[in-house]
Amino acid sequence: MKSLLLFAAMSITAFAASGQKPNTQSPLTEIHGSTSSGTTIYIRYNQPSVRGRNIGKNLEPLPGKVWRTGADSTTVFEINKAVKVEGKSLPAGRYALFTIANGDDWTIIFNKDVHKWGAFSYKESEDVLRVNVKAKKASPFQEKFTITVSKDGQIHLLWGDYDVPFKVV
């Protein structure tokens, strides 16, 4: 029995020392999508919930500030071939997905450094592409941050009252 307790204590200590903790508030989510043009899109992000907070006031994204576009670790956006995002070229690869919200005007950012925790060490100099898009009103209200990918390459960032679409072709 003592050895079982010792093993359990050592396991908990090792888990805590690794800096990992289970996240039940913002679960890890992965989506895989394929467009009709053969582009494979993979997105990995943590899904926060609004839980009565106000987006832009006490909940990200805050106006004019870089947001990790999810919770916890940086959102990963991966494509298998070169594409156009809102008409601008993005090479095949793996990127960190950041956004900046200013009301209905949003900037979608694809950044080289996918190994960040949040946006705390974000560097604009590592941006590969920025595109500006207009947000629409989400219907219905999205309690849980959700990203969708359609066959025609339309990606939607759905969060609270926001629906932020951008096109990947």
Side-chain angles (χ1 to χ4, degrees), residues 11-12 14-35 39-80 83 85 90 92-104 106-124 126-131 133 135-150 153-168:
S11 296
I12 291 169
F15 194 68
S18 73
Q20 301 295 314
K21 61 182 179 178
N23 187 339
T24 56
Q25 301 246 346
S26 300
L28 182 64
T29 303
E30 296 180 342
I31 59 171
H32 301 266
S34 294
T35 68
T39 301
T40 300
I41 300 170
Y42 165 77
I43 303 171
R44 186 189 76 222
Y45 65 105
N46 286 78
Q47 240 182 336
S49 295
V50 175
R51 293 189 310 275
R53 299 172 291 177
N54 293 313
I55 295 171
K57 291 189 175 49
N58 59 354
L59 181 61
E60 291 181 299
L62 301 174
K65 303 285 184 190
V66 174
W67 179 43
R68 68 187 113 193
T69 316
D72 302 329
S73 60
T74 302
T75 294
V76 173
F77 181 95
E78 188 172 349
I79 47 176
N80 68 326
V83 297
V85 178
L90 181 66
R94 188 177 181 137
Y95 302 98
L97 182 67
F98 293 102
T99 50
I100 301 172
N102 275 312
D104 291 339
W106 285 57
T107 302
I108 310 295
I109 303 167
F110 298 89
N111 186 279
K112 289 189 259 190
D113 191 354
V114 298
H115 303 290
K116 293 195 181 307
W117 180 261
F120 305 110
S121 58
Y122 164 81
K123 292 180 185 161
E124 186 174 342
E126 296 176 345
D127 289 353
V128 176
L129 177 66
R130 284 178 168 228
V131 296
V133 297
K136 304 184 296 186
K137 180 147 176 77
S139 181
F141 179 89
Q142 296 293 311
E143 171 64 26
K144 190 173 282 230
F145 176 64
T146 302
I147 302 174
T148 64
V149 178
S150 67
Q154 192 71 39
I155 296 176
H156 289 266
L157 309 177
L158 302 162
W159 186 219
D161 285 322
Y162 292 101
D163 175 356
V164 183
F166 62 96
K167 186 85 167 187
V168 176

> Taking only residues at least two apart or on different chains, which pairs with a member in residues 156-168 satisfy salt bridge (Lys or Arg N to Asp or Glu O under 4.0 Å)?
Replying inline: Lys137-Asp161, Asp152-Lys167

> Listed by chain and number, what are the salt bridge (charged side-chain N to carboxylate O under 4.0 Å, His left out) partners of Asp113, not counting sequence neighbours?
Replying inline: Lys116

> For Glu78, what residues pass the salt bridge (charged side-chain N to carboxylate O under 4.0 Å, His left out) criterion, not counting sequence neighbours?
Replying inline: Arg94

>> Using a strict threshold of under 4.0 Å (side-chain N to carboxylate O), is an ion pair present between Lys65 and Glu60?
In response: no

>> Thr69 and side chain to side chain donor-acceptor pair (under 3.5 Å): which single residue from Asn46, Thr99, Thr75, Thr74 fits?
In response: Thr99

>> Checking Thr35 now: which residues fulfil side chain to side chain contact (heavy atoms under 4.5 Å, CB included) with it, not counting sequence neighbours?
In response: Ser37, Thr39, Ile41

> Among all residues two or more places apart in sequence or in another chain, which pass the side chain to side chain contact (heavy atoms under 4.5 Å, CB included) test with Ala101?
Replying inline: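 Here the qualifying residues are Pro61, Trp106.
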
> Would a distance-only check, ignoring hydrogens and angles, find a side-chain to backbone donor-acceptor pair under 3.5 Å from Gln47 to Phe145?
Replying inline: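 Side chain of Gln47 to backbone of Phe145, a donor-acceptor pair under 3.5 Å: yes, one is there.
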
For a quick test of reading the model, state the closest non-hydrogen atom pair linking [X] to [Y] and the distance between them.
| X | Y | result |
| --- | --- | --- |
| Ala96 | Phe98 | CB-CE1, 3.6 Å |
| Glu126 | Asn111 | C-ND2, 3.4 Å |
| Gly33 | Val149 | CA-CG1, 4.2 Å |

> Taking only residues two or more places apart in sequence, or in another chain, which ones meet Phe141 in a ring-ring contact (aromatic ring centres under 6.0 Å, His included)?
Replying inline: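 Expected list: none.
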
